[in-house]
Amino acid sequence: MQPVISTDKLQMFENRLAKVFKHIHKQAKRQDITCYRVYDHDLPEFPMSIDFYEDKLYIAEYRRRHGMSDEEHEQWLDAALAVVEKVLCVAQDKIYVKQRQRKQGRLGQYQKVSEEKEYFVVEEAGLKFKVNLSDYLDTGLFLDHRITRAMVKQEAAGKRVLNLFAYTGSFSVYAAAGGASSVTTVDLSKTYLTWAEENMVLNGFNDTSFRFDNADVKQYLQELKPNMFDLVIMDPPTFSNSKKMKDDFLDIQRDHVELISNVLYAMSPGAILYFSTNFTKFILDKENIHCSTIKDITGATTPFDFSGKLKRYCWKIVK
């Protein structure tokens, strides 16, 4: 049978992977970073992202129309993984592979794909986080927000912090580590809220100043009063129509002005909102957001391992 991918293409992949790994690994080592992206769709024939989570690899294959049968696709993947194993010197039993579906919003993004229940603890900036490389399409720790998390930690001392659409609470951990006077973590998913609480406890943050609210954020914001928070993080899904939502559904382009306005209402004068979105066609409606300043910090929050590849935006909004 004719090979699905030529030896020349595999050699190109090997050369490219070796080159980017040498460059990125050196920077990661210099900055004492152990969880980082080493490859992201650099070659069209190999549409995948490859992330190190300390001594393990997480490979997410982007879904595309490849025209291969299941058997051919398996052959292609085996060939690609053999190159990855060789170049990155990671054993097969420490390599986790997922096929990332091109679905909008949280329902596709966070759906469960397995029942391995294999959790690991990794470190970032001296803090500990539970990750799961086998059961979900995402791992529990978004590596592209590494710098944003550090910014939150720097701003957090003595602040009342609100983390909305909190997922597994990594921003909450950073805020607590930065000396926040209180941290409120909000998410619609009980699974991820429990995970967030476990991450906080893992780092020794388990007193009554740390709250975990299982709620629909749109509804939650409508019930807040003025001057409740000094620092807010909001990283909403692009789209969500979860049955758990009390409102109709969330569309970030349509709803962002309402969401941001409701957050600003609950913030103290001079308080900071870090707002980000993964919606690539997103346009921030600055005209209708009434605040002191809006600063695009997408570039400033882009880590070295995502340079030129980042598909999200981030703003620092001051009330």
Peer 1: Measure the shortest side-chain to side-chain distance between H256 and T277 over non-hydrogen atoms and say whether it is less than 4.5 angstrom.
Peer 2: no
Peer 1: Hey, is the main chain of E85 close enough, under 3.5 Å, to the side chain of Q92 for a donor-acceptor pair?
Peer 2: no
Peer 1: Please name the pair of heavy atoms, one in S268 and one in N227, separated by the smallest distance, quoted to 0.1 Å.
Peer 2: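 For S268 and N227, the tightest heavy-atom pair comes out as CB-OD1, 2.9 Å.
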Peer 1: Within the structure provided, determine whether L162 and V186 are in side-chain contact (heavy-atom separation under 4.5 Å).
Peer 2: yes
Peer 1: Roughly how far, to the nearest 0.5 Å, is CG of D138 from NZ of K98?
Peer 2: 9.5 Å
Peer 1: Do Y274 and Y265 sit in one hydrophobic cluster, given that two such residues count as connected whenever their side-chain heavy atoms are within less than 4.5 Å of each other, even indirectly?
Peer 2: no
Peer 1: Does a donor on one side chain and an acceptor on the other come within less than 3.5 Å for T185 and N163?
Peer 2: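 No pair is found: no donor N or O on one side chain lies under 3.5 Å from an acceptor on the other.
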Peer 1: Taking the side chain as everything from C-beta on, heavy atoms only, tell me whether L264 gets closer than 4.5 Å to I289.
Peer 2: yes
Peer 1: Are any non-hydrogen side-chain atoms of L133 and K94 less than 4.5 angstrom apart?
Peer 2: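 L133 vs K94: side chains apart.
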Peer 1: With sequence neighbours excluded, give me every salt bridge (charged side-chain N to carboxylate O under 4.0 Å, His left out) pair touching residues 11-24.
Peer 2: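 Counting only pairs at least two positions apart or across chains, the salt bridge (charged side-chain N to carboxylate O under 4.0 Å, His left out) contacts touching residues 11-24 are E14-K86, R16-D42.
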Peer 1: May I ask you to test the I297-K295 pair for a side-chain heavy-atom distance under 4.5 Å?
Peer 2: yes
Peer 1: Does F46 offer a backbone N or O that forms a donor-acceptor pair with the side chain of K9 under 3.5 Å?
Peer 2: no
Peer 1: What I want to check is whether the side chains of Y36 and Q27 have a donor and an acceptor closer together than 3.5 Å.
Peer 2: no
Peer 1: Say whether, by atom type as modelled, one donor and one acceptor occur between the side chain of R146 and the main chain of C35 under 3.5 angstrom.
Peer 2: yes
Peer 1: Within the distance-only criterion (no hydrogens, no angle test), does the side chain of Y313 pair as donor or acceptor with the backbone N or O of T280 below 3.5 angstrom?
Peer 2: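 Present.
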Peer 1: So does D235 pair up with R312, basic N to acidic O under 4.0 Å?
Peer 2: no
Peer 1: What about Y39 and F13, are their ring centers closer than 6.0 Å?
Peer 2: yes
Peer 1: Please determine, by modelled atom types, if Y62 and D40 share a side-chain donor-acceptor pair under 3.5 angstrom.
Peer 2: yes
Peer 1: Are D207 and S209 linked by a side-chain donor-acceptor pair shorter than 3.5 Å?
Peer 2: yes
Peer 1: So, do L259 and L250 sit near enough that their side-chain heavy atoms are less than 4.5 Å apart?
Peer 2: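 Yes, side chains in contact.
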Peer 1: Which atom names give the shortest non-hydrogen contact between D230 and G158, and what distance separates them?
Peer 2: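 In this case the closest contact between D230 and G158 is OD2-O, 4.4 Å.
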Peer 1: Does the side chain of T139 pick up a donor-acceptor pair with the side chain of Y53 at under 3.5 Å?
Peer 2: yes
Peer 1: According to the interplanar angle, ranging from 0 to 90°, do the rings of Y192 and W195 count as parallel (below 30°), tilted (30 to 60°) or perpendicular (above 60°)?
Peer 2: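 The rings of Y192 and W195 lie parallel, inter-plane angle below 30°.
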Peer 1: Would one find more than 12 heavy atoms of other residues, nucleotides or ligands at under 6.0 Å from atom NZ of K309?
Peer 2: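 Yes - once you tally the heavy atoms of other residues, nucleotides and ligands closer than 6.0 Å, there are more than 12.
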Peer 1: If you group Ile, Leu, Val, Met, Phe, Trp and Tyr whenever their side-chain heavy atoms sit less than 4.5 Å apart, what else falls in with V121?
Peer 2: L202
Peer 1: Is the closest side-chain heavy-atom distance between I260 and L284 below 4.5 Å?
Peer 2: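 Yes, side chains in contact.
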Peer 1: Going from CZ on F52 to CG on D305, what distance comes out if it is rounded to the nearest 0.5 angstrom?
Peer 2: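 Between F52 CZ and D305 CG, I get 12.0 Å after rounding to 0.5 Å.
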Peer 1: Is there a ring pair (Phe, Tyr, Trp, His ring centres under 6.0 Å) between F171 and H145? Walk through the geometry before answering.
Peer 2: CA-CA 9 Å; F171 278 108; H145 267 307; 5.5 Å; yes
Peer 1: Hey, are the side chains of E61 and W76 touching, using non-hydrogen atoms and a 4.5 Å cut-off?
Peer 2: yes
Peer 1: Once salt bridge (Lys or Arg N to Asp or Glu O under 4.0 Å) is applied, do any residues pair with K316, and if so which ones, sequence neighbours excluded?
Peer 2: E155
Peer 1: Could you check whether any side-chain N or O of S181 sits under 3.5 Å from a backbone N or O of K159, counting only pairs where one atom can act as donor and the other as acceptor?
Peer 2: yes
Peer 1: Does a donor on one side chain sit under 3.5 Å from an acceptor on the other, for D296 and T298?
Peer 2: yes
Peer 1: Examine L127 and V201 and state if one hydrophobic cluster contains both, with Ile, Leu, Val, Met, Phe, Trp and Tyr joined whenever side-chain heavy atoms are less than 4.5 Å apart.
Peer 2: no
